[in-house]
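In what follows, every chain begins at residue 1, and chains take the letters A, B, ... in the order their sequences are listed.
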Number of protein chains: 2
Amino acid sequence: MASPTVENYLKALFLLSVEKGEVNITELSNLLQVKLPTANSMIKSLHEQGWVSYEKYKPLTLTPKGKKKAALIVRKHRLTEMYLVEKMGFGWEEVHEIAEQVEHIDSTIFFERMDELLGNPNVDPHGSPIPDKNGDMQQKVYDPLGVCLPGDTVKLVALVHSSSEFLKFLNRRELQLGAKLKIESIEDYDKSMVVSYENHSFETFSKDVCDALLVERLG
Amino acid sequence: MASPTVENYLKALFLLSVEKGEVNITELSNLLQVKLPTANSMIKSLHEQGWVSYEKYKPLTLTPKGKKKAALIVRKHRLTEMYLVEKMGFGWEEVHEIAEQVEHIDSTIFFERMDELLGNPNVDPHGSPIPDKNGDMQQKVYDPLGVCLPGDTVKLVALVHSSSEFLKFLNRRELQLGAKLKIESIEDYDKSMVVSYENHSFETFSKDVCDALLVERLG
DNA sequence: ATAATTTGTTAGATTAACTAAACTTATTAT
DNA sequence: ATAATAAGTTTAGTTAATCTAACAAATTAT
Ligand SMILES: [Mn+2]
Ligand SMILES: [Mn+2]
Ligand SMILES: [Mn+2]
Ligand SMILES: [Mn+2]
């Protein structure tokens, strides 16, 4: 059994390679909040154990075995977040911290029961995909709101990142996944957008926010 | 924050001192499945950190601080077991292993939400008391079925131990907490008892089993 | 092409949790 | 009272995970 520490490294490698492709040790050490030599020596050990492909001074990749292992941890994390929101009434900004711990629980039945009770969801409360039992994850490619045009009607389906600050920002504006947004106008100067949804008319979102909101075009 | 290892030591000390009063290091090391010197050096460290009162060659006791800490871990364990049974549909024989891990999760809101959703239970699925938020646990003193007499009618309220083998034994006989038992007769030779309950008439239980079933007298 | 900067590696140390082996103290049996 | 056994302690050593400091390689800027 891999330790929680090892599991966190594998998960970090997986998530970084999903968003970037290549992973270098500096990014990894930043994400995990450890010093570079710590990550370096852990990588050597992960390499020896067959989780990671590694050559000195080259970028890192997970082996197929490592990738599957990591995906199954991500699965546990995201199922947990979904369970916490759907069955225990937590807000989407509260669940990551808890899931960060629950993901290390070693119990097949526990996560299978969660999955059943949730009706086999394929996305988490932030719209991120949940890998299946084989560790296969299909990452859909969505447009950020930022690339849409005035007059477009879109549905909010996922987020680029899910920091609790960002989630609380969205909470304050009552913006949830599934919301239908209409783009009223775009400010040419700073690319901020004025949008309407539900009972919010003419909310203004900065470019930063727009680029973090992933949408599906409607109609 | 105490590590899971330290938490398991504190919990073990707490549970051993509830059932025996005094704790010696050998029992502790047996329960935790570590060698005697391992437990010995951990005890020195727990002593230095103020969790345990300790003098060489003397039995161990938790300090008030250690006792409270331990009780709150037991609280998390037992709330978890209750949640798994009541809200997730697990059998009482399946939950201990999972709770053994979940008890180490560091999240006030998580366990408070569990407690709420369960309606602030004060016993776990095996009838063991759940310490309150201050770490106070009132251990009720029940009679084992073994001390009852023919003709007595009693209610099963708790178990002396909850090994999954014992729980599966009870499952096979459809005997659950809350069941009303009538003692039909006692075999003088081996002190085994013939009891009736629900739609089970004349089940025979060995002395060992009778001593592990805690009951409340009725009528 | 050389220098400066960034990135990655190695060496040496620390702490937590564990072990086996040797030793000491306490308890029990003769 | 002495010997035997059980219980507890110490010593020396391992592995995992971390750190700081020093060094080396690769990349980027001049
Ligand atoms: Mn998360
Ligand atoms: Mn984690
Ligand atoms: Mn239990
Ligand atoms: Mn535990």
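- With sequence neighbours left out, the salt bridge (charged side-chain N to carboxylate O under 4.0 Å, His left out) criterion links B:D211 to B:K207.
- Looking at heavy-atom distances under 4.0 Å, B:T38 makes contact with a base.
- Atoms CG (A:L36) and C1' (D:dA21) sit 13 Å apart, rounded to a whole Å.
- Considering only residues two or more places apart in sequence or on other chains, A:K44 meets the salt bridge (charged side-chain N to carboxylate O under 4.0 Å, His left out) condition with none of them.
- Shown here are the salt bridge (charged side-chain N to carboxylate O under 4.0 Å, His left out) partners of A:D106, two or more places apart in sequence or in another chain: there are none.
- Because its NZ or CZ atom is not both nearer than 6.0 Å to the ring centre of B:F110 and within 45° of the ring axis, B:R113 does not count as a cation-pi partner of that residue.
- Rounded to an integer number of Å, the gap from CD of B:E7 to P of C:dA17 is 11 Å.
- For residues 48-71 of chain A, no residue pair satisfies the salt bridge (Lys or Arg N to Asp or Glu O under 4.0 Å) rule, not counting sequence neighbours.
- The backbone N or O of A:N134 lies less than 3.5 Å from a partner atom in the side chain of A:D132, making a donor-acceptor pair.
- The NZ-C1' distance, from A:K35 to D:dT18, rounds to 11 Å in whole Å.
- Computed from coordinates, the A:L32 CG to D:dT18 C1' distance equals 13 Å when rounded to whole Å.
- Within the structure, every side-chain polar atom (N or O) of B:T5 is placed at least 4.0 Å from both OP1 and OP2 of C:dA16.
- Contacts with DNA chain D (heavy atom under 4.0 Å) in residues 41-55 of chain A: A:S41, A:M42, listed by number.
- Rounded to whole Å, the distance from CG on B:L60 to C1' on D:dG8 is 10 Å.
- For B:P37, the side-chain contact (heavy atoms from CB on, under 4.5 Å) partners two or more places apart in sequence, or in a different chain, are B:K35.
- Applying the side-chain hydrogen bond (donor to acceptor under 3.5 Å, both in side chains) test to pairs two or more places apart or on separate chains, those with a residue in residues 14-28 of chain B are B:K20-B:E27.
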Please enumerate all protein N or O atoms sitting under 3.5 Å from an N or O of nucleotides 25-29 of chain D, with distances to 0.1 Å.
unit_1, atom_1, unit_2, atom_2, d
D:dA25, O4', A:Y57, OH, 3.4

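- Contact check of residues 17-30 of chain A against DNA chain C (heavy atom, cut-off under 4.0 Å) returns A:N24, A:I25, A:T26.
- For A:V34, the listed nucleotide lying nearest its side chain is D:dC19; candidates were C:dT9, D:dT10, D:dC19.
- Not a single ring-ring contact (aromatic ring centres under 6.0 Å, His included) links A:Y142 to another residue, sequence neighbours left out.
- A search for salt bridge (charged side-chain N to carboxylate O under 4.0 Å, His left out) contacts involving A:D190 returns nothing, not counting sequence neighbours.
- The CG-C1' distance, from B:N40 to D:dT10, rounds to 8 Å in whole Å.
- Remark: B:H96 pairs with B:H77 by the ring-ring contact (aromatic ring centres under 6.0 Å, His included) rule, at least two apart or across chains.
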